[in-house]
Every structure is written in structure tokens, then in C-alpha cells.
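For reference, the structure is listed below as C-alpha cells.
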Amino acid sequence: MIEKEQIIHAYNYRHACKEFDQNRKIREDDMQFLLETARLTPTSFGMEQHRLLHIKDEKLKARLKPACWDQKQITTCSDLIAIKAVTEKVKPGSEYVKSMFGRRGLPEDATQAYLQRYENFLSDKDIECWAQKQCYITLGNMMSAAAMIGIDSCAIEGFETQKVEEILRIDTTKERIAVIVAFGFRINEPGKKYRLDMDELVEVL
Ligand SMILES: Cc1cc2nc3c(=O)[nH]c(=O)nc-3n(C[C@H](O)[C@H](O)[C@H](O)COP(=O)(O)O)c2cc1C
């Protein structure tokens, strides 16, 4: 296991990098490592509501930038990831849902019980919102893992969803772009970190 101090060091090292060094690219094996942390991310009911678009094409990044509040991270980063939320497939009763429960190899009655519980659980939920929440877990995992191997990142929510989805040719009846994340190497040192004190953050009951 990793030492606690090393993990906290990485969490302090991570910051919202506003501009990346365009001369430094993330190694392929490091990128595969980050993608693996996404793949291993837990999701509610194990439904894997997230999908990743790994955007390497510089021309595509340049097209996205104006739709992302013109933020420099989009074009200066080494690798850009748009995290999509799967919204259609995860609806109760779909073949996808059946296959995701079915792959566990449980007895038929246990699978049926899961399917029923899933349907009940989602009956009063906004599926799109629920699916997007899972994408943020992926985001957090990837950014923390990146920091642990000295890679910088910036989560990006500052974008015009409709424009970004048009550029990325998303069928919005099936998927939505939840959040974007840029990875690369810092060009400037980060500013001060502002955080609540522990007693403001945590209430002990
Ligand atoms: C979901 C999410 C979306 C964010 N979107 C943006 C963004 O569009 N542009 C940006 O510069 N920073 C963005 N940030 C960075 C936050 O502003 C930043 O994490 C926060 O101010 C704390 O600073 P630190 O990450 O440097 O510690 C985002 C962060 C999160 C978690």
C-alpha cells in the first residue's frame, strides 16, 4: 500500500492547472494508466454509466476551445478527455441493464431481484443527473491518480454543453457530455490553495 504522506502530497500537488506546457506530452503508458483508473472506477449498481472520449486531435481541440469559454487548457493540454454519461441504455428494462446484471452470473431469481430493485431505485430519479454523477467519480479518480504520478490536470465544467455536444457529434437522446478534463504538465506554479478548516468541513454527530 502507498504511504499516507505520499497520497496527501499528491493531493496538495494537484491543482486546477490553467495552462499546460505544450512541449510536454504525456507518455502513452501513463495515459493508459489514467484510463485504467477510469475503467476501475466504481459506479452505482455497477452500471458503468460513463464513457470517455479521448481527444488527441489538435484541430478538434481548437474547435472545442471557443465552446469551452475559450479556456487555454483545452488547446495547451497534452490529452483532453470528455466524460460522457450514458442515459438511454441505463433505463430500467433495457438489454444493456439486463446484460450488466446478467454478467455477474447470479442465479436467475437473484438477477430478477436486482432488476426490480434497480427499477424501483430509479423510479423517482432523474436518470440523466444520476448518470452524470457517476462521471464525476471517474473525474475525481483520474485527477487524483494523475497527481500521484506527477501529471497535472484541470476539470472543466465551463463549457456550452449544446455546442460541445454538436462538435463531438453526441446523440443527446442517448448520451450527454457530463464534464471535461485536461491532462498535461504545468507551465506556471500554482497559487495558494484555499480550503475550509477541518471543523468547518466535518460535523461530528
Ligand atoms: C467539476 C469541476 C469543474 C471545474 N471547472 C473548471 C473550469 O471550467 N475552469 C477552470 O479553470 N477550473 C475549473 N475547475 C477548477 C476549480 O475551480 C478548482 O478545482 C477549485 O477552485 C480549487 O482549486 P484547486 O483545484 O487548484 O485546488 C473545476 C473543478 C471541478 C471539480
Side-chain angles (χ1 to χ4, degrees), residues 4-22 24 26 34-35 37-38 40-44 48-55 58 60-87 126-168 170 172 175-202:
K4 291 194 282 283
E5 290 74 15
Q6 287 179 293
I7 297 172
I8 293 298
H9 174 77
Y11 274 62
N12 276 304
Y13 180 82
R14 191 213 54 77
H15 71 295
C17 185
K18 305 294 178 192
E19 185 173 1
F20 297 92
D21 182 347
Q22 284 183 272
R24 288 187 69 191
I26 298 174
L34 293 183
L35 295 172
T37 68
L40 293 173
T41 291
T43 51
S44 183
E48 304 195 48
Q49 302 85 341
H50 55 175
R51 295 291 184 277
L52 272 56
L53 290 175
H54 184 178
I55 302 161
E58 298 300 333
L60 186 53
K61 286 191 204 166
R63 285 180 57 213
L64 284 168
K65 188 174 174 245
C68 300
W69 299 358
D70 237 358
Q71 298 188 73
K72 284 185 192 157
Q73 298 93 317
I74 301 292
T75 44
T76 61
C77 73
S78 164
D79 292 78
L80 190 67
I81 304 274
I83 308 180
K84 295 189 292 185
V86 172
T87 53
D126 175 338
I127 291 190
E128 199 169 291
C129 173
W130 176 70
Q132 294 210 15
K133 283 182 192 171
Q134 317 304 320
C135 297
Y136 280 75
I137 305 174
T138 311
L139 167 75
N141 279 348
M142 290 183 87
M143 292 200 301
S144 299
M148 288 184 206
I149 60 167
I151 291 175
D152 289 303
S153 63
C154 188
I156 294 175
E157 250 184 352
F159 60 86
E160 292 169 72
T161 310
Q162 201 187 328
K163 285 189 185 164
V164 165
E165 288 175 336
E166 272 168 25
I167 294 167
L168 295 176
I170 304 298
T172 57
E175 300 174 325
R176 301 306 306 264
I177 297 293
V179 66
I180 297 172
V181 54
F183 293 103
F185 298 95
R186 65 189 68 184
I187 198 156
N188 299 310
E189 281 312 305
K192 184 177 167 356
K193 237 184 199 348
Y194 295 97
R195 290 296 188 271
L196 298 173
D197 289 335
M198 195 61 89
D199 61 352
E200 291 173 295
L201 177 70
V202 182

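Each ligand, and each atom within it, is numbered from 1 in the order the structure gives. Since the model is a prediction, treat every value here as computed from it, not as a measurement.
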Using a strict 4.0 Å cut-off to heavy atoms of [X], name the atoms of ligand 1 that fall inside it.
X: Gln73; answer: 10 (C), 11 (O)
X: Gly158; answer: 8 (O)
X: Lys18; answer: 10 (C), 11 (O), 12 (N)

Check your understanding: For atom 12 (N) of ligand 1, is the nearest protein heavy atom under 4.0 Å away?
Key ->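 Flag for atom 12 (N) of ligand 1 set to true, protein heavy atom closer than 4.0 Å.
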Review point. Under 4.0 Å from atom 20 (C) of ligand 1, is there any protein heavy atom?
Key: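 Given the 4.0 Å cut-off, atom 20 (C) of ligand 1 does not count as touching protein heavy atoms.
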Review point. Out of curiosity, Asn141 CG to Thr41 OG1, how far, rounded to the nearest 0.5 Å?
Key: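 It comes to 4.0 Å.
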**Study point:** Interatomic distance, Cys135 atom SG to Lys84 atom NZ [nearest 0.5 angstrom]
**Key:**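 One finds 10.0 Å between SG of Cys135 and NZ of Lys84.
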What residue and atom, counting heavy atoms only, is the protein's closest point to [atom], and at what distance?
atom: atom 18 (C) of ligand 1; value: Ala16 CB, 3.8 Å
atom: atom 9 (N) of ligand 1; value: Gln71 OE1, 2.6 Å
atom: atom 27 (O) of ligand 1; value: Lys193 NZ, 2.6 Å
atom: atom 3 (C) of ligand 1; value: Glu157 CB, 3.5 Å
atom: atom 22 (C) of ligand 1; value: Arg195 NH1, 3.6 Å

What are the two closest heavy atoms between [X] and [Y], and how far apart are they?
X: Tyr13; Y: Ala147; value: CD2-O, 4.0 Å
X: Ala182; Y: Gln73; value: CB-O, 4.0 Å
X: Asp152; Y: Arg186; value: OD1-NH2, 2.7 Å
X: Ile167; Y: Arg63; value: CD1-O, 3.4 Å
X: Ala82; Y: Leu168; value: CB-CD1, 4.1 Å
X: Ile170; Y: Glu175; value: CG2-O, 3.3 Å

Practice item. Kindly confirm or rule out an N or O of Arg14 lying under 3.5 angstrom from an N or O of ligand 1. Key: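 Yes - when backbone and side-chain N and O of Arg14 are compared with those of ligand 1, one distance drops under 3.5 Å.
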Review point. Looking at ligand 1, does any of its N/O atoms fall within less than 3.5 Å of an N/O of Tyr136?
Key: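 Looking only at distances, the answer is no, because the N/O contact criterion of under 3.5 Å is not met.
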Point to revise | Pair Glu128 + Arg176: basic N to acidic O under 4.0 Å | key: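 Looking at Arg176 together with Glu128, the answer is yes, because their closest N to O distance falls below 4.0 Å.
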Review point. Between Lys163 and Glu166, does at least one N-O distance fall below 4.0 Å, as a salt bridge requires?
Key: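 No.
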Check your understanding: Strictly under 4.0 Å, does any heavy atom of Phe159 approach an atom of ligand 1?
Key ->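 No; Phe159 lies far enough from ligand 1 that no heavy-atom distance drops under 4.0 Å.
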Exercise for review: Work out whether the distance between some heavy atom of Cys154 and some atom of ligand 1 is less than 4.0 Å.
Suggested key: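 A heavy atom of Cys154 does come that close to ligand 1.
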Point to revise | Candidate with minimal heavy-atom separation from atom 28 (C) of ligand 1, of Cys68, Ser153, Ala155, Pro190 | key: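 Among Cys68, Ser153, Ala155, Pro190, the closest heavy atom to atom 28 (C) of ligand 1 belongs to Ala155.
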